[in-house]
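Down below is the structure, laid out as C-alpha cells.
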Amino acid sequence: VQLQASGGGLVQAGGSLRLSCTTSGRTFSSIMGWFRQAPGKEREIVAAMSWTGMDIYYADSVKGRFTISRDNAKNTGYLQMNSLNPEDTAVYYCALSWSLVPTKSVEYRYWGQGTLVTVSS
C-alpha cells in the first residue's frame with residue numbers, strides 16, 4: 001500500500017486549500033485519517049473517515065472549517081480546509097488504518113510522505 005499526499009502550499013489567513021491523498025494497493029475497508037505536525041509539536045489527528053463515509057471524526061480545532069471526504073473509485077481522499085489560520089501551519093499527512101478506534105497515530109499502518117501547509121498572518 002502506498003499513499004501520496006499533495007495540495008499543500010502557502011496561503012494567507014482566512015484562505016482555503018484542498019489536500020489530496022492518492023492511494024494504491026489493497027485499501028478496501030480502510031479508514032483514512034489526516035494528521036498534522038507543527039514544528040516542535042507532536043503529530044495530531046485532524047480528521048478521519050471510514051471506508052463507507054458513514055463515520056467521520058474531526059478534531060475540535062478544525063470542526064466547522066475542515067471537511068474530509070474520499071472517492072474510493074478514484075482511490076483518493078481529500079481534506080478541504082477553509083478559514084485557515086496561522087495555527088494550522090504544519091506538515092499534513094494522510095494515513096490508513098483498519099483499527100476500531102483510529103484516532104491515534106499508532107493505529108495507522110500506512111502513511112503518505114506529508115505535504116506542507118503554511119498559513120501567513
Side-chain angles (χ1 to χ4, degrees):
V1 175
Q2 293 185 321
L3 295 85
Q4 175 93 26
S6 62
L10 175 62
V11 64
Q12 289 188 331
S16 299
L17 281 174
R18 188 175 82 153
L19 306 183
S20 298
C21 179
T22 303
T23 67
S24 62
R26 298 186 67 177
T27 63
F28 182 73
S29 78
S30 63
I31 296 156
M32 178 172 285
W34 285 93
F35 289 77
R36 66 186 181 186
Q37 187 166 18
K41 294 188 176 181
E42 293 187 355
R43 189 172 297 186
E44 63 176 359
I45 189 166
V46 174
M49 173 177 272
S50 62
W51 176 260
T52 63
M54 301 260 317
D55 296 298
I56 298 175
Y57 169 88
Y58 291 105
D60 288 342
S61 59
V62 305
K63 280 181 182 176
R65 301 188 299 123
F66 290 12
T67 302
I68 188 173
S69 62
R70 67 191 299 178
D71 184 339
N72 293 328
K74 294 182 178 180
N75 296 314
T76 303
Y78 306 96
L79 185 68
Q80 177 68 43
M81 306 186 295
N82 299 328
S83 302
L84 286 162
N85 58 62
E87 290 70 38
D88 296 315
T89 294
V91 177
Y92 284 71
Y93 300 88
C94 57
L96 297 181
S97 170
W98 285 262
S99 171
L100 293 178
V101 187
T103 58
K104 297 183 178 182
S105 60
V106 295
E107 301 294 337
Y108 285 76
R109 191 181 306 175
Y110 299 105
W111 291 81
Q113 85 288 1
T115 185
L116 177 62
V117 172
T118 304
V119 184
S120 63
S121 57

What pairs meet the ring pair (Phe, Tyr, Trp, His ring centres under 6.0 Å) rule with one or both residues in residues 74-93, with sequence neighbours excluded? none

Following the transitive rule for hydrophobic clusters with a side-chain heavy-atom cut-off under 4.5 Å over Ile, Leu, Val, Met, Phe, Trp and Tyr, establish whether Val91 and Val117 coincide in one cluster. no

Partners passing side chain to side chain contact (heavy atoms under 4.5 Å, CB included) against Thr67 (at least two apart in sequence or in another chain): Tyr58, Gln80

Can you name the side-chain hydrogen bond (donor to acceptor under 3.5 Å, both in side chains) partners of Lys41, sequence neighbours left out? none

In the hydrophobic clustering (ILVMFWY, side-chain contacts below 4.5 Å, transitive), which residues join Phe28, or is it alone? Trp51

Considering residues, nucleotides and ligands other than Gln113, do more than 12 of their heavy atoms fall under 6.0 Å from its CD? yes

Ile56/Ile68 under side chain to side chain contact (heavy atoms under 4.5 Å, CB included): CA gap, chis, key distance, verdict: CA-CA 8 Å; Ile56 298 175; Ile68 188 173; 3.6 Å; yes

Might you point out which heavy atoms bring Arg70 and Met49 nearest each other, and give the distance in Å? NH1-O, 3.3 Å

Indicate yes or no: at least one non-hydrogen side-chain atom of Trp111 is less than 4.5 angstrom from one of Ser105. yes

Atom of Pro102, atom of Tyr108 and distance for their closest heavy-atom approach: O-OH, 2.7 Å

Specify the closest pair of heavy atoms between Arg36 and Ser61, including all atoms of both residues, with the distance to one decimal. NH2-OG, 3.4 Å

hydrophobic_cluster_shared for Leu96 and Ile45, side chain cutoff 4.5 Å: no

Donor-acceptor under 3.5 Å (Thr118 side chain, Thr89 main chain): no

Over all atoms of both residues, closest heavy-atom pair of Leu79 and Ala47: CD1-CB, 4.2 Å

List the atom of Arg65, the atom of Asp88, and the distance in Å for their closest heavy-atom pair. NH1-OD2, 2.7 Å

Using modelled atom types only, decide if a donor and an acceptor are shared between the side chain of Ser30 and the backbone of Met32 within a distance under 3.5 Å. no

Please name the pair of heavy atoms, one in Trp98 and one in Thr27, separated by the smallest distance, quoted to 0.1 Å. CZ2-CA, 4.0 Å

Could you pull out every donor-acceptor pair under 3.5 Å between side chains of residues 3-24 and any protein atom, sequence neighbours left out?
from, atom 1, to, atom 2, distance (Å)
Ser16, OG, Asn82, OD1, 2.9
Thr23, OG1, Asn75, O, 3.1

Which residues pass the side-chain hydrogen bond (donor to acceptor under 3.5 Å, both in side chains) test with Thr103, not counting sequence neighbours? none

Do the ring centers of Trp34 and Phe66 come within less than 6.0 Å of each other? no

Is a side-chain N or O of Ser50 found less than 3.5 angstrom from the main chain of Ile31, in a donor-acceptor match? no

